J.: 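The structure's right below; bear with me while I get my questions together.
Owing to the predicted nature of the structure, the values given are computational and were not obtained by experimental measurement.
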Amino acid sequence: MGRRYDPDRRQRIIDAAIRVVGRSGIAGLSHRTVAAEADVPLGSTTYHFASLDELLVAALRQANEGFAAAVRESGALADPGSDLARELARLMGEWLGGERTGVELEYELYLAALRRPALRPVAAEWADGVAESLARRSDPATARALVALMDGICLQVLLTDAPYDEDYARQMLDRILPRPTP
């Protein structure tokens with residue numbers, strides 16, 4: 001039997017890896033578990049991704065896109081008169097209030113970069129991309145501080161199971177943002 005053309009197979013493998021990590025953590029990820037989840041032959045996973053780190057890089061890139069896109073597409077970045085702290089706090093609330101498994105997965109992949117150097121550039125891409133978007137309304141150093149604060153607040157919520165406090169987040173973000181000059 002000949003090989004059948006399957007243009008979506010690579011994407012299905014990435015989606016399957018995200019589901020496996022979401023369900024079983026990074027420790028549960030293997031070419032075999034991903035192949036079973038994606039319903040593809042084992043050889044397909046190694047054809048598209050020679051190593052698990054390559055697969056994790058692709059999964060992390062895809063997982064990171066959600067919040068970064070929300071920040072990029074926010075009208076508050078383009079409108080100098082808008083309350084950026086309020087908008088960022090709202091976006092974090094939507095993100096944390098959505099599918100919790102997805103948020104936990106993003107952070108699990110993001111933090112996997114501590115032990116897997118191949119993931120570090122992708123984690124940095126996310127932080128740099130969000131900071132670049134935020135720098136349109138501040139300066140680069142302030143934008144990096146905003147990203148660090150948002151990361152910290154999100155991690156605290158995830159690790160403590162505390163409810164997200166949008167008003168607190170807005171107040172803290174507002175402390176970092178420069179005051180408009182009259």
Side-chain angles (χ1 to χ4, degrees), residues 1-74 77 88 90-134 144 146-148 150-164:
M1 171 137 77
R3 182 185 296 178
R4 70 172 203 214
Y5 178 66
D6 185 357
D8 299 324
R9 185 170 287 186
R10 184 176 194 282
Q11 184 60 53
R12 283 200 336 266
I13 292 169
I14 295 168
D15 293 341
I18 288 172
R19 288 191 304 274
V20 167
V21 172
R23 184 176 56 244
S24 305
I26 298 283
L29 187 75
S30 69
H31 282 288
R32 189 170 307 284
T33 59
V34 171
E37 180 72 26
D39 194 25
V40 299
L42 180 58
S44 289
T45 62
T46 56
Y47 173 79
H48 290 286
F49 302 97
S51 70
L52 287 178
D53 279 352
E54 282 183 28
L55 181 54
L56 283 170
V57 163
L60 180 56
R61 272 205 176 100
Q62 182 169 310
N64 278 346
E65 188 49 33
F67 187 74
V71 170
R72 272 193 318 272
E73 295 163 8
S74 169
L77 290 178
L88 292 174
R90 184 190 67 75
L91 287 171
M92 285 193 319
E94 282 182 6
W95 189 58
L96 288 166
E99 173 56 45
R100 186 76 171 230
T101 304
V103 176
E104 290 170 357
L105 166 71
E106 282 188 50
Y107 270 98
E108 184 159 5
L109 289 169
Y110 186 59
L111 293 174
L114 291 171
R115 302 258 185 240
R116 294 181 118 107
L119 297 178
R120 290 180 186 158
V122 182
E125 281 173 20
W126 176 85
D128 292 345
V130 173
E132 185 179 305
S133 294
L134 294 174
R144 286 192 311 274
L146 290 167
V147 170
M150 290 187 297
D151 261 348
I153 290 171
C154 290
L155 274 172
Q156 286 177 356
V157 168
L158 292 172
L159 294 174
T160 64
D161 283 327
Y164 173 67

J.: Do Met150 and Leu134 have side chains that approach each other closer than 4.5 Å (heavy atoms only, starting at C-beta)?
T.: yes
J.: Do you know which two heavy atoms are closest between Leu119 and Ala112, and how far apart they sit?
T.: CD1-CB, 3.6 Å
J.: Working to the nearest 0.5 Å, report the span between CZ of Arg19 and CZ of Arg12.
T.: 9.5 Å
J.: Can you tell if the side chain of Asp15 reaches within under 4.5 Å of the side chain of Gln62, non-hydrogen atoms only?
T.: yes
J.: Let me confirm one number: the CD-CG distance from Glu73 to Leu91, rounded to the nearest 0.5 Å.
T.: 10.0 Å
J.: To check you understand the geometry: which heavy-atom pair defines the closest contact between Gly28 and Val20, and what is its length?
T.: O-CG1, 3.5 Å
J.: Any sub-3.5 Å donor-acceptor pair from Arg120's side-chain atoms to Leu114's backbone N or O?
T.: yes
J.: I'd like to know if the side chain of Glu108 and the backbone of Gly25 have a donor-acceptor N/O pair within less than 3.5 Å.
T.: no
J.: Where do Cys154 and Tyr107 come nearest, in terms of heavy atoms and distance?
T.: CB-OH, 3.3 Å
J.: Are the side chains of Leu42 and His31 in contact, using a 4.5 Å heavy-atom criterion?
T.: yes
J.: Kindly compute the distance separating CG (Leu155) from OG1 (Thr160), expressed to the nearest 0.5 Å.
T.: 10.0 Å
J.: Nearest 0.5 Å please: distance from the CD atom of Glu54 over to the NE2 atom of His48.
T.: 12.0 Å
J.: Taking side chain as C-beta onward, heavy atoms only, is Leu56 less than 4.5 Å from Ile26?
T.: yes
J.: What distance do Ile14 atom CD1 and Leu60 atom CG have between them, rounded to the nearest 0.5 Å?
T.: 11.5 Å
J.: Evaluate the side-chain proximity of Trp126 to Val147: yes if any heavy-atom separation is below 4.5 Å, no if none is.
T.: yes
J.: Could you check whether any side-chain heavy atom of Leu55 comes within less than 4.5 Å of a side-chain heavy atom of Ile13, counting everything from C-beta outward?
T.: yes
J.: If you measure from OG1 on Thr46 to CG on Leu52, what distance do you get to the nearest 0.5 Å?
T.: 10.5 Å
J.: Can you find a heavy atom in the side chain of Val57 that is under 4.5 Å from one in the side chain of Phe49?
T.: no
J.: Does some side-chain heavy atom of Thr33 sit less than 4.5 Å from a side-chain heavy atom of Ser24?
T.: no
